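Note sheet for the following structure.
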Amino acid sequence: MSSPSMKAPTGTRDILAPESDRWKALIGLFSGQMERAGYGLVQSPMFEEIGVFQRVGEDTDVVRKEMYDFEDKGGRHLALRPEGTASIVRAFVQHHPQTPWKVWYAAPSFRYERPQAGRFRQHHQIGVEALGVDDADLDVEVISLAWDFFASVGLRRIDLCLNSLGDPVCRPAYLDMLAAHLVARLDDLCDEHRPRARENPMRVLDCKRASCREVTRDAPRTIDHLCRPCSEHFERIQEGLGALSIPFILDTRLARGFDYYTRTTFELQASALDGAQNAVGGGGRYDGLVEMMGGAPTPGMGFGIGVERTLLACDAEATFPVPPSSLVAFVIDVTGGTVARDLSAALRRAGVGVVRSFDDRSMRAQMKQADRSGASFALIIGPDELEAGTVAVRDLRGETGQHAVALEDVVAHVGALAKGGRQ
RNA sequence: GUGGCCGUAGCUCAGCCUGGUUAGAGCGCCGCGUUGUGGUCGCGGAUGUCGGGGGUUCGAGUCCCCUCGGUCACCCCA
């Protein structure tokens, strides 16, 4: 065992091949789909001034106890990104791009939490944000992008939970009602929520403890107290999802952990994950956040998908396997290695994926390596081939056997095999 | 932050309860199976500061304490 300090920090891990090949494939699939819908990539810094993230809500767990914050050598108070939306909105406020501004991202997030199945201190989210659009059809578009992505990955057991939290017009009155309901039964709430029932009553709604659930079971529901615009907005989303054949579960407790949400909130849960960490994606509308960060009033809507959890769900559903090797050829040279050196470079310059072995190993050893490499063909150079100026091209996957090709023709020949043979 | 379980070869784990000669297995890895050819099979081989520190003991992988790490759960979230 190596010394403790040479291990990845608690809650983080290294992602090595071939697992990393799955990551590449998943992110590639996501980027393709989002770009086909007009979303452009944003790369934002991994850390920001802490104030940027505090906008997600002073009373959220993320801000209160999970932030990785630090002071840099210039005395700035910074924090590692704990979630995706705040950074994107900060970038919007800074650059004031034309709206609608539709972006996607793939980025790590950091939260100081106790790790468990599907929960890490560094995790990775892929997501989108769309700013500048009030239209309920945008909500439908964003939700459908997340839904369709999971479908394309091969996940079948995904539940979409949907709720509307109202807006600054209708929410205050609702919050008063809810707070009154909670305060009337304050003693029945769990220890953590009892002190906050009055200031942040919605946080109690999604508490999983039996005591709180009992109190909130007959609590007033947001959707029963929406103002007319919010109500119509929510109606149109439901109609739109219906039109796209996207089933959803109306979850009137779904408040989510950030304070910036208005109107729409949604969460995607993988029912194949039996652990508690089954939320693989979530998001919603945040019409006040840009203004809160000092920008002009601008509506926004987005979601984040957890890469680790999505891949766990894929394991549970036995889908989205590691993609096959893209290697075409393995050069075997038992004449000292100079032919392998030159041929492998020539093939790579021609765009063919090729590897070789080093250290002048035996034919047998090199053949074993070739087999395990995943390459489709072995290009064998022994004394006979060296003499004849040829290469033996051996099919490692099919029953084609092997045949001799003149050394000067090998690059063209293998290039043609790469195009025709493997997909 | 709280609690359960677990740290022994690259990986998965046995051994610990009932301390005692050179610490094991499977997989993987390396080599060999005559005449240059992998995937199956057979034979052989290498590798462990038994997570770290302290203690008990004539003697500790085995018992005790501390510590670090992993894992699962609560809370919350991706």
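Here is the naming used below: chain letters follow the sequence lines, and residue numbers restart at 1 for every chain. Note that the coordinates shown come from a computational prediction; the quantities given were computed from them, not determined experimentally.
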* What do the steps show when you test A:E113 against A:D61 for side-chain contact (heavy atoms from CB on, under 4.5 Å), and what is the final call? -> CA-CA 10 Å; A:E113 302 182 90; A:D61 282 0; over 6 Å; no
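- Here A:V280 lies in heavy-atom contact (under 4.0 Å) with sugar-phosphate atoms only.
- The base of B:A78 is paired with the side chain of A:E113 by a donor and an acceptor separated by under 3.5 Å.
- Looking at heavy-atom distances under 4.0 Å, A:A378 makes no contact with the nucleic acid at all.
- When distances run from any side-chain atom of A:D61 to the nucleotides B:C76, B:G38, B:G31, the shortest one goes to B:C76.
- Pairing for B:G1 goes to B:C74, judged as Watson-Crick or G-U wobble with the two contacts each under 3.5 Å.
- Remark: A:W147 CH2 to A:S245 OG distance equals 10.5 Å, nearest 0.5 Å.
- Regarding contacts with the backbone of B:A78, every side-chain N or O of A:Q277 stays at 4.0 angstrom or more from both OP1 and OP2.
- Counting non-hydrogen atoms under 4.0 angstrom, A:R361 reaches the backbone sugars and phosphates but no base.
- Residue-to-nucleotide contacts include no donor-acceptor pair under 3.5 Å from the side chain of A:D371 to the base of B:G39.
- Between A:E35 and A:Q33, the side chains place no donor N or O within less than 3.5 Å of an acceptor N or O (distance only, hydrogens not considered).
- The residues A:R221 and A:D224 are annotated as salt-bridged, a charged nitrogen and a carboxylate oxygen being separated by less than 4.0 angstrom.
- Between A:H193 and B:C76, a side-chain N or O to OP1/OP2 separation shorter than 4.0 Å is present.
- Using a 4.0 Å heavy-atom cutoff across all strands shown, A:A370 reaches no nucleic acid atom at all.
- Comparing B:A78, B:C74, B:G39 by their closest approach to the side chain of A:Q125 singles out B:A78.
- A donor N or O paired with an acceptor N or O is found under 3.5 Å between the base of B:G36 and the side-chain atoms of A:E385.
- Remark: the A:R364 side chain and the B:U37 base include no donor-acceptor N/O pair separated by less than 3.5 Å.
- With P as the reference atom, B:G51 and B:U8 are 6 Å apart, rounded to whole Å.
- Comparing the same atom, P, in B:G39 and in B:G54 gives a spacing of 48 Å after rounding to whole Å.
- Between the side chain of A:R121 and the backbone N or O of A:P9, no donor-acceptor pair lies under 3.5 Å.
- Backbone-only engagement by A:G281 is indicated by non-hydrogen atom pairs under 4.0 Å involving sugar-phosphate atoms exclusively.
- In this model, no side-chain donor or acceptor of A:R203 finds a partner on the base of B:C75 within 3.5 Å.
- Comparing the same atom, P, in B:C50 and in B:G44 gives a spacing of 28 Å after rounding to whole Å.
- A:G283 comes within contact range of no nucleotide atom at all, as no heavy-atom separation falls under 4.0 Å.
- Among the heavy atoms of the strands lying under 4.0 Å from A:R114 is at least one base atom, whether or not backbone atoms are also near.
- One finds a side-chain N or O of A:R372 lying less than 4.0 angstrom from the OP1 or OP2 phosphate oxygen of B:C29.
- A donor-acceptor contact under 3.5 Å is formed by the side chain of A:Q402 with the base of B:U37.
- OP1 and OP2 of B:A78 both lie 4.0 Å or more from every side-chain N or O belonging to A:S109.
- With B:G69, B:U37, B:G36 as the candidates, the nucleotide lying closest to the side chain of A:M367 is B:U37.
- Between A:H233 and A:D134, the side chains place no donor N or O within less than 3.5 Å of an acceptor N or O (distance only, hydrogens not considered).
- Rounded to an integer number of Å, the gap from CG of A:D384 to P of B:U35 is 14 Å.
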